[in-house]
Amino acid sequence: MDPQSIRPDKGKQIMIIEDQDSSWPDKGKQIMITKDSEVHSPVSYEEDWDTDDELEMQFFQAFDDQGVAYEHDSPVDCFDHASSTGSSSYNPNKVDHFMSMGFSEKMVVQAIKENGEDNDEAILNSLLTYSVLENSPGEDISSSSKSKSPVDINEDFLDGFSDSDSDCGDAEGSGRNSDDPKEKTIALMVDMGYNLEDVLISLQRCGHDASVEELADYISAAEVAKVADATEFPDRIRTVQRFQAEKKRKIPQLSSQKPKKRPEKPLVRKFSKQMVGFGLPGCPPVVSHRYLPDEAVGPPYFYYENVALTPVGVWEHISRFLYDIQPEFVDSIHFSAAARKRGYIHNLPIMNRKPLLPIPPKTIHEAIPDTATWWPSWDTRTKLNCLLTCIGSAQLTERIRNKVKSGHPSDDDIKFVIEQCKKWNLVWVGKNRVAVLEPEDMEMLLGFPKCYTRGVSRTDRYKALGNSFQIDTVAYHLSVLKPMYPNGMNVLSLFSGIGGAEIALHKLGIPLNNVVSVEISSVNRKIVNQWWEETEQKGRLIHVADVRKINNSTIDGWIDELNGFDLVIGGSPCNNLAGGNRRTRDGLEGEHSCLFYEYYRILDYVRTAMKRRAAASCRFD
DNA sequence: TCTAACATGACGATGCTT
DNA sequence: AAGCATCGTCATGTTAGA
């Protein structure tokens with residue numbers, strides 16, 4: 001494929017990753033790399049795809065059925081509870097509410113003091129900011145409002161940053177005072193919900209110096225192995241072998257022409273009618289265990305997203321590239337007042353997920369209360385349809401007004417109005433008057449902070465938001481990372497858009513240590529950049545414009561400089577997959593949607609490179 | 001007055017659910 | 001078999017700024 005033909009703004013020279021031999025910018029700076037460079041194509045791939053045997057995850061099946069006991073928590077019981085002592089001068093319920101989200105009483109009182117008791121959103125934003133500051137040694141909550149240059153802040157932070165996950169015994173909520181790292185690790189993992197016996201066995205197998213992350217992976221792997229019975233296990237081996245063999249075959253296709261069409265497997269899209277994925281907050285899990293091929297187990301974790309309703313065969317194809325992992329199809333209607341049917345392929349643990357708090361409104365009237373006054377009884381909608389990138393026309397709303405202004409619309413008129421309202425997500429904003437959603441409404445429905453996209457054109461806001469994650473949905477899936485990475489994460493965010501992944505992690509209270517954000521739209525990069533500064537992030541943000549310019553040496557450079565990635569996350573363009581596209585719904589080989597292969601290419605190289613690095617490190621030791 | 005950015009409105013097919 | 005939803009594209013018109 002011709003790289004220049006892929007992007008709509010071809011011809012424009014935007015931001016391109018800098019030359020390979022140039023040094024990485026200093027720690028603590030927000031890096032906007034704008035230097036032009038040559039297109040590194042075709043991308044060279046490693047010849048040897050064999051995984052390192054030493055690093056293959058060893059499964060064991062020594063657990064009995066009581067070995068792992070995961071209970072699904074109620075939505076209210078989110079994260080670690082700090083002891084609730086109440087506050088002398090503020091509403092105890094309010095203080096408890098925010099403490100139940102895992103913030104300390106000191107933080108909560110400070111946040112209420114700064115914002116007043118009534119502004120929950122502002123309080124929450126302050127608390128999240130404090131959480132970031134708290135990860136920066138020497139920072140005092142009370143000084144959070146003082147503006148500090150990004151450079152200073154980040155240098156402070158990175159100087160004090162420990163790259164040892166074993167240090168996470170200091171994590172909030174663990175409540176242990178032992179100085180023994182092993183005991184700290186055990187205590188933390190038990191706090192995380194792991195069975196003590198599992199933790200002890202995993203320590204024995206992984207070594208007493210193993211990090212929490214390694215132990216968690218080991219237990220997850222054991223869990224997989226435990227469930228695999230004698231008849232299914234050979235199938236799993238065959239699946240992995242097939243994938244490895246197929247991978248060797250298919251890679252050359254990426255650097256030449258379009259991948260060859262092969263007969264697809266039978267439908268993998270076994271989503272329930274309700275699209276609840278592996279389970280919803282407050283409900284018993286639909287799926288409590290699943291198989292992951294050895295190659296897909298463990299960090300760096302990955303999370304891939306795209307529209308659920310693709311042309312037939314697309315998800316089967318995507319799944320085959322992403323380690324044969326079955327997609328999890330979820331409609332965000334269960335997290336929000338608006339639908340958003342999406343498929344997610346990831347290798348995250350699926351037990352002990354926690355929803356973001358506060359739980360967002362789930363009906364139109366709760367989400368946009370002003371509309372209730374004007375809502376006619378014959379419009380029975382309680383939920384909105386998917387938030388798209390474009391909006392209904394003013395002519396249409398005027399036409400609707402004319403049809404209903406008499407007060408007694410005919411059945412045909414009602415049918416027309418309902419049809420159009422559903423199609424364009426129109427809401428009643430005045431007497432006999434409908435209107436499109438405001439960008440602020442969309443931000444709220446998608447879980448973004450209010451006015452998050454303010455500052456760019458209205459059209460760009462709709463487009464950016466229509467292309468974004470639903471934060472509560474994604475955060476629910478990512479929430480399992482919170483106890484695993486108390487010291488923060490390094491994130492490779494591909495097709496970042498307006499930073500939905502970053503917002504989700506931030507809202508979960510997971511510090512963002514280093515974020516490489518790859519996004520072609522300068523408008524979107526600007527939005528993420530503004531948020532990064534406004535929330536006083538302590539980590540490093542690296543912007544890259546074009547995902548196709550990232551080659552293996554670029555990735556190696558990041559892995560060396562940033563000490564690897566913990567998460568590779570992104571949703572590749574859906575333009576050629578989405579049902580709304582009447583002209584170029586060409587599937588995964590479409591002009592934009594073919595960038596999925598870039599996600600796969602980069603993810604696979606990151607995982608391979610990090611395994612190689614870990615193996616080298618082991619040999620060195 | 002010119003240009004670029006922005007806004008508007010017309011344009012069905014596909015595939016799942018009922 | 002009918003109903004329904006769908007991270008969209010593009011030509012053209014309008015507006016803002018130099």
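Proteins come first, then strands; the chains are lettered A, B, ... in the order of their sequence lines, and each starts at number 1.
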query = Within the pair Thr459(A) and dA7(B), is there a side-chain N or O less than 4.0 Å away from OP1 or OP2?
reply = yes
query = Looking only at atom types and distance, does a side-chain atom of Glu443(A) sit under 3.5 Å from a main-chain N or O of Tyr452(A), one as donor and one as acceptor?
reply = yes
request  = For Arg342(A) and for Lys415(A), locate the closest nucleotide of DNA chain C by heavy-atom distance; then report the residue assigned to the nucleotide nearer the 5' terminus.
outcome  = Lys415(A)
task = Please work out if Ser572(A) contacts a base, only the sugar-phosphate, or nothing of the nucleic acid, heavy-atom cut-off 4.0 Å.
result = base
query = Looking at Tyr600(A) versus Tyr304(A), is the centre-to-centre ring distance below 6.0 Å?
reply = no
query = If you measure only the distance, is there a donor-acceptor pair under 3.5 Å linking the side chains of Glu589(A) and Tyr597(A)?
reply = yes
message = Taking the ring of Tyr599(A) and the ring of Phe321(A), is the distance between their centroids below 6.0 Å?
response = no
remark   = Ranking dA7(B), dC7(C), dA5(C) by distance to the side chain of Asn306(A), first place goes to dC7(C)
message = Is the phosphate of dA10(B) approached by Gln395(A) (side-chain N or O, under 4.0 Å from OP1 or OP2)?
response = yes
OP1 or OP2 of dT6(C) under 4.0 Å from side-chain N/O of Lys341(A) = yes
ask   = Which dot-bracket string fits DNA chain B when only Watson-Crick or G-U wobble pairs with both atom distances under 3.5 Å count, crossing pairs get [ ], and | stands for a partner on a different strand?
value = |||||||||||.||||||
ask   = Do Glu419(A) and dC4(C) have a side chain to base donor-acceptor pair shorter than 3.5 Å?
value = no
key: Listed nucleotide nearest any side-chain atom of Leu388(A), set dG9(B), dT6(C), dG15(B)   = dT6(C)
Polar-atom pairs under 3.5 Å, protein N or O versus N or O of nucleotides 9-12 of chain C: list them with distances, or write none.
from   : atom 1 : to        : atom 2 : distance (Å)
dT9(C) : OP1    : Asn575(A) : ND2    : 2.9

